[in-house]
Structures are given as structure tokens and as C-alpha cells.
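Please read the structure below before turning to the comments.
Numbering of ligands and ligand atoms starts at 1, following listing order. Given the structure is predicted, the values throughout are model-derived calculations rather than measurements.
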Amino acid sequence: MTEPCAVTNESSDRYKAMLLRSQQQHRLIGVHWELTYRCNEKCTHCYLDVLPPGARLPGELTTAEAKRVIDELAELGALTITFSGGESLVRRDFFEIAAYARKRGFAIRLYTNGILIKPEVADQIAALHPVAVELSIYGADAATHDDITTLPGSFDLTIRAARLLRQRGVKVILKTPITRENWDQMEAMRALATEIGAGWQYDLTIVPKHTGDRSPLKHRMNDNQLLEVFRREIDPGSWHLTPYREDYRFCGIGLTSLTIGPYGEVFSCVGARVSAGNVREQPLVAIWRESPVWQELSGLTLGNLPVCSTCELRQYCVRCHGNAAFEDGDMLGCSSVAYREARLRRQALRGKGAK
Ligand code: SF4
Ligand code: SF4
């Protein structure tokens with residue numbers, strides 16, 4: 001979720017200025033596209049209720065519909081498309097869709113578990129010249145990873161994919177949701193990524209499924225584990241306290257990005273999933289220009305979040321409005337998971353001498 005959530009998180013001043021202008025003009029920049037909810041893994045912590053890879057489903061956007069959506073994204077002037085799932089490579093037309101996106105000038109990024117990436121598939125991916133391929137790993141060893149994916153052998157296949165892509169010069173990022181099963185393997189995962197020539201990113205927040213099923217939450221770290229991770233990972237010198245400004249935004253919801261689901265739904269973002277329409281019922285161009293959703297959501301500033309604006313932890317909080325809605329039932333209220341993280345983050349920072 002990192003990229004679509006960004007308000008201004010790049011260091012280049014020119015990039016920041018461009019992003020700020022785009023936010024002010026409601027210009028679409030980035031699209032997160034869930035091409036399918038089918039997947040060849042069934043991870044125990046996943047926020048999606050995924051379907052088997054071979055499920056025959058009515059309703060996924062056809063190749064022709066996907067190309068029409070790409071044409072509309074080009075008309076809107078969008079720059080990047082992130083293909084995600086489920087597992088997007090289970091779609092037989094994935095490369096046709098991705099190649100069309102490249103032809104229309106988009107920078108593309110691919111989220112995948114890598115299971116299907118054999119040498120010839122790695123060649124096809126490299127030919128797309130993606131900005132990056134982001135591969136999910138759930139542990140530094142096969143036992144930990146395969147327990148989470150519930151697919152024996154998946155660790156070896158994902159690592160094979162990372163190596164094949166690196167051999168072809170593709171930028172690879174290994175990504176890990178940190179859970180109570182793998183929190184003590186962070187250094188080992190970082191080292192594994194370095195050995196492969198890949199980057200490594202992690203995410204601390206495990207969320208309920210969008211169906212309301214709370215079973216993923218049993219994988220969250222307990223307080224002691226999370227505190228230890230913060231103590232290890234947070235650098236007080238680079239942690240910026242959330243400023244108290246009425247117009248401060250916790251994230252970039254509604255500003256320059258949107259999410260498309262497999263059945264044509266257009267959502268605000270992956271986490272909050274506020275529906276703005278469906279590309280089968282209305283052109284995407286009209287959804288982006290006319291839906292009231294974008295203005296409503298981009299108005300979610302600190303001043304418009306009554307509980308947050310008076311919260312003593314707000315300076316340490318990295319809330320996701322979607323988590324507040326899905327886990328706590330109120331998008332404008334406190335997110336309990338953000339509260340816990342903020343409380344422990346403050347403790348870790350103060351322990352390192354920060355104010
Ligand atoms: S609501 Fe959550 S998922 Fe959506 S943009 Fe904000 S932080 Fe990201
Ligand atoms: S801890 Fe809760 S109330 Fe406080 S800023 Fe975060 S989400 Fe808002």
C-alpha cells in the first residue's frame with residue numbers, strides 16, 4: 001500500500017512540487033489494479049478472500065475491457081500502473097494487458113508471489129521493463145514462509161523468481177508483512193534480499209479481511225514483539241512527528257490515485273475501498289472527474305477528524321482510514337491498530353531519547 005498512500009514521500013524537490021501541483025489539480029498519477037482475486041497461494045494473513053487459480057468466474061474484466069480502461073487512463077494522463085491481485089500472473093492475458101499498457105506509455109510495477117516465474121516468464125517480464133517487481137516473502141526460511149502461504153515449496157519458487165529477475169536486470173523488491181511468526185527473522189530477510197541483489201520492505205500492520213473476517217489478526221505481533229521491532233528499527237533522527245496542522249493529511253487518499261478491482265469497480269484505494277463507480281457502467285474518465293468521492297475523501301484532514309485532532313498520540317500515529325473503517329467500524333474514528341502502534345512507537349522513541 002505504500003505508493004498509493006503517499007502524500008509527498010519522495011526526496012526530490014522537483015518531484016514534490018509536481019506531486020503537490022497534481023494534488024491541487026486532482027490529476028490522476030498512479031493506479032493500483034487488482035486484475036484478479038484468484039491466487040495460487042492461500043496466505044493465512046491475507047486481507048482478501050482469494051479464489052483458487054483455476055476458478056471459472058463470470059465477471060473479471062475481459063482483455064478488451066482492460067485495454068479500454070488503459071486507453072481511458074491514458075486520456076486522464078495517468079503515469080503508472082501497478083498490477084496486483086490475487087496473483088495477476090494467473091490471468092492468461094496478463095502479458096497482453098501489460099504490454100498494451102507499456103505501448104500506451106505507462107510505467108508499470110508488478111506485485112506477484114513469483115510462483116509462476118520460470119525462465120521464459122522472467123524473460124517476458126524483463127521485456128516489459130517494469131519499474132520494479134515486488135515479491136512477497138513471509139520468512140527467511142522455507143518452513144516459516146510455506147506455513148503462511150500454505151503451499152509447500154513456495155519459498156523456493158519465490159526465491160527462484162527473484163534470482164531469475166535479477167539475472168535479467170529487473171529491479172526486485174522483497175516485501176514482508178511482519179507477523180508473530182516472522183518478526184524475529186527481519187535481519188535474516190534483509191540479508192537474504194541483499195544477497196539476491198534485491199531491496200527489502202516490510203509492513204507492520206496486519207488487517208482483517210474485507211469480508212469482515214478477523215482471522216488474519218491472530219498473526220499480529222503482541223505488544224512486546226512490536227515494541228522490540230520499533231526499538232530495533234526506528235531511528236529517532238529520521239522519524240518526523242506528525243505536525244499539528246488542521247490541513248495535515250495522514251495519507252494521499254482521494255488526491256492522485258485510485259484502485260481498480262477485477263470486476264471493474266473503482267475504489268479510493270486498497271485499504272479504504274470506498275466505491276466511486278464501475279468502469280462497466282460509466283467511463284473511467286467520468287468517474288475520476290465527476291464522482292463526489294474524491295473531494296469527500298481528500299478532505300480527510302486532521303482538522304476534519306475530531307478524535308484525531310485532540311489525540312495525545314497523533315504525533316506518533318500513521319493511521320489508515322481504511323483500518324478505522326474495517327476494523328473499528330468508523331472511518332472518521334480512531335483506528336485501534338494505529339493507536340496501539342502509536343503508543344508503542346512513542347515508547348520506543350522516548351526510550352531512545354526523543355521528546
Ligand atoms: S486510507 Fe489507507 S490505504 Fe487508503 S490511501 Fe490512506 S493509508 Fe493508503
Ligand atoms: S491514535 Fe487514533 S485518535 Fe489518535 S491520531 Fe491515531 S487514529 Fe487518531
Would G252 count as a contact of ligand 1 if the rule is a heavy atom under 4.0 Å away?
->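 Under 4.0 Å: no for G252.
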Pairs where residues 266-279 contributes a residue and the test salt bridge (Lys or Arg N to Asp or Glu O under 4.0 Å) is met, not counting sequence neighbours | E34-R273
Sorted by first residue and then second, give each salt bridge (Lys or Arg N to Asp or Glu O under 4.0 Å) pair with at least one member in residues 149-163; sequence neighbours left out.
-> R163-E195
Quick one: which ligand 1 atoms are inside 4.0 Å of a heavy atom on [X]?
X    : result
G271 : 3 (S)
G322 : 1 (S)
C269 : 1 (S), 3 (S), 4 (Fe), 5 (S)

Indicate the atoms forming the closest heavy-atom contact of V207 with P216, along with that distance.
-> O-CB, 3.5 Å
Residues in contact with ligand 2, criterion: heavy atom under 4.0 Å =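 Shell around ligand 2 (4.0 Å, heavy atoms): V307, C308, C311, R314, C317, R319, C334, S335, Y339.
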Worked verdict on H45 versus Y138 for ring-ring contact (aromatic ring centres under 6.0 Å, His included) | CA-CA 10 Å; H45 68 283; Y138 305 111; 5.0 Å; yes
Find out whether T80 and I108 are in side-chain contact, i.e. whether some heavy atom of one side chain is under 4.5 Å from a heavy atom of the other.
-> no
R245 CZ: over 12 foreign heavy atoms closer than 6.0 Å |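 Yes, because the 6.0 Å sphere around CZ of R245 holds more than 12 heavy atoms from other groups.
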Step by step, work out the ring-ring contact (aromatic ring centres under 6.0 Å, His included) result for F83 and H32.
-> CA-CA 6 Å; F83 290 114; H32 183 95; 9.8 Å; no
Mind checking ring-ring contact (aromatic ring centres under 6.0 Å, His included) for Y100 and listing every partner two or more places apart, or none if nothing turns up?
->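 Listed in chain order: nothing, the list is empty.
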